[in-house]
K.L.:
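Take a look at this one; I'll ask things after.
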2 protein chains.
Amino acid sequence: MSESFPNGNSARSTRQKRALAGALARSSSFRSAQDLHAELRLRGERVGLTTVYNQLRALADTGELDVLRTDEGESLYRRCSSGQHHHHLVCRSCGMAVEVEADAVEAWAEAVARRNGFTAITHTVELTGVCPNCQ
Amino acid sequence: MSESFPNGNSARSTRQKRALAGALARSSSFRSAQDLHAELRLRGERVGLTTVYNQLRALADTGELDVLRTDEGESLYRRCSSGQHHHHLVCRSCGMAVEVEADAVEAWAEAVARRNGFTAITHTVELTGVCPNCQ
DNA sequence: GATCTTATTTGCAATGATTACCACTATTGA
DNA sequence: TCAATAGTGGTAATCATTGCAAATAAGATC
């Protein structure tokens with residue numbers, strides 16, 4: 001029992017992980033798993049769809065990726081700039097996104113929750129529109 | 001060609017519609033299609049699952065129902081109190097919901113969008129917590 | 001009431017994203 | 001080099017939801 005990583009943080013560096021990380025790094029848009037997988041394929045990278053799903057979920061779990069669900073129920077991912085809590089202003093045409101902070105909204109949410117006797121509050125705030133480039 | 005309803009608003013009153021309306025009326029919680037269908041079955045009502053889906057979608061389209069998507073991608077429905085634009089404070093345990101208005105948030109959303117050059121803005125704001133009864 | 005038009009209903013197949021399985025592969029510490 | 005096991009990925013399964021086409025039944029008209 002050679003506990004190298006007491007906290008279970010043992011990650012191996014694989015070709016697939018690097019490829020996915022690269023794809024995510026060079027895009028500032030929210031992308032779907034299928035979309036990312038297709039791009040990797042086009043680039044000649046040999047990566048399984050299942051692997052893409054696995055990795056995206058893992059990265060999202062550790063907070064390295066932001067996740068978003070479309071109205072059609074598809075999950076979109078994007079690399080997370082800050083570790084801070086934040087929201088997004090997303091372009092519904094190209095997926096490009098801007099991270100926005102919203103202290104005012106946070107405060108409002110807290111107040112509304114308290115006023116109604118709710119506890120353990122979490123909130124979802126997403127703004128969708130058309131970015132300057134897509135207009 | 002007896003145009004009784006020039007605007008295509010021809011709705012027939014059926015046993016199934018009434019049953020579903022009843023189920024929705026006696027609940028103040030967000031319910032899933034499957035959930036509502038199960039309740040109708042338990043009550044002895046003979047209604048097809050497809051019909052429940054059809055009706056829920058139709059009602060949601062006309063704004064008579066509020067729709068909400070869970071993290072798992074399931075759609076939840078609830079009768080809509082007001083025709084006004086509003087948001088929800090939903091109990092993650094029982095689905096009970098309170099409609100809340102958020103002028104402050106609306107204004108904030110508009111400001112953020114304009115500042116970033118985005119147009120055709122829509123926003124999603126949902127608060128989730130545990131209601132007083134479920135604590 | 002009888003009849004007709006067509007809105008509704010509904011079982012079943014199909015869809016589409018995502019996950020479960022699990023045998024196989026490859027990274028990394030020793 | 002080698003063993004332990006994290007990671008991979010093809011395939012089958014899941015699950016909410018929708019498409020379809022035939023059967024049913026409101027509501028208007030006769």
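Chain naming here is simple, since letters A, B, ... match the order of the sequence lines and numbering starts at 1 in each. Values reported hereafter were calculated over all heavy atoms of this structure, with side chains retained and with hydrogens, waters and symmetry mates removed.
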K.L.:
Only pairs at least two apart or in different chains count here, so list each side-chain hydrogen bond (donor to acceptor under 3.5 Å, both in side chains) that has a residue in residues 125-135 of chain B.
P.N.:
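Of all non-adjacent pairs touching residues 125-135 of chain B, those that pass side-chain hydrogen bond (donor to acceptor under 3.5 Å, both in side chains) are T119(A)-Q135(B).
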K.L.:
Between R69(B) (CZ) and dT18(C) (C1'), how many Å, whole number?
P.N.:
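Distance, rounded to whole Å: 13 Å.
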K.L.:
Can you give me the N/O atom pairs linking the protein to nucleotides 12-17 of chain C at distances under 3.5 Å, or say none if there are none?
P.N.:
unit_1	atom_1	unit_2	atom_2	d
dC12(C)	N4	T50(B)	OG1	3.1

K.L.:
Which side-chain N or O atoms in residues 56-64 of chain A pair as donor and acceptor under 3.5 Å with protein atoms at least two apart or in another chain?
P.N.:
unit_1	atom_1	unit_2	atom_2	d
T62(A)	OG1	L59(A)	O	3.0
T62(A)	OG1	E64(A)	OE2	2.6

K.L.:
Send over the distance from L56(B) CG to dT9(C) C1', rounded to a whole Å.
P.N.:
14 Å
K.L.:
Between R115(A) and E110(A), is there a salt bridge with N-O shorter than 4.0 Å?
P.N.:
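Here E110(A) does not pair with R115(A) in a salt bridge, since their nearest N and O are not under 4.0 Å apart.
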K.L.:
Ignoring hydrogens and geometry beyond distance, is a side-chain donor-acceptor pair present between H87(B) and E106(B) at under 3.5 Å?
P.N.:
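Present: a donor and an acceptor within the cut-off.
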K.L.:
Show me the pairs that pass salt bridge (charged side-chain N to carboxylate O under 4.0 Å, His left out) and involve residues 78-92 of chain A, at least two apart or across chains.
P.N.:
R78(A)-E99(A)
K.L.:
Mind running a 4.0 Å heavy-atom check of residues 35-46 of chain A against DNA chain D and sending the residues that fall below it, in number order?
P.N.:
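Here the set is R46(A).
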K.L.:
Roughly, in whole Å, what's the span from CG in N54(B) to P in dT18(D)?
P.N.:
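Atom CG in N54(B) sits about 9 Å away from atom P in dT18(D).
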K.L.:
Let me know the distance between NZ of K17(A) and C1' of dT27(C), rounded to the nearest Å.
P.N.:
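Atom NZ in K17(A) sits about 10 Å away from atom C1' in dT27(C).
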K.L.:
Within the structure provided, determine whether V47(A) and V52(A) are in side-chain contact (heavy-atom separation under 4.5 Å).
P.N.:
yes
K.L.:
To the nearest angstrom, how far is L49(B) atom CG from dT8(C) atom P?
P.N.:
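From L49(B) CG to dT8(C) P: 19 Å.
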K.L.:
Measure the shortest side-chain to side-chain distance between T50(A) and Y53(A) over non-hydrogen atoms and say whether it is less than 4.5 angstrom.
P.N.:
no
K.L.:
Is a salt bridge present between E45(B) and R41(B), judged by a nitrogen-to-oxygen distance below 4.0 Å?
P.N.:
no
K.L.:
Under 4.0 Å: is that the gap between some side-chain N or O of Q16(A) and OP1 or OP2 of dA26(C)?
P.N.:
no
K.L.:
Look for any protein N or O under 3.5 Å of an N or O in nucleotides 22-26 of chain D and output each such pair with its distance, or none.
P.N.:
unit_1	atom_1	unit_2	atom_2	d
dA26(D)	N3	R12(B)	NH1	3.2

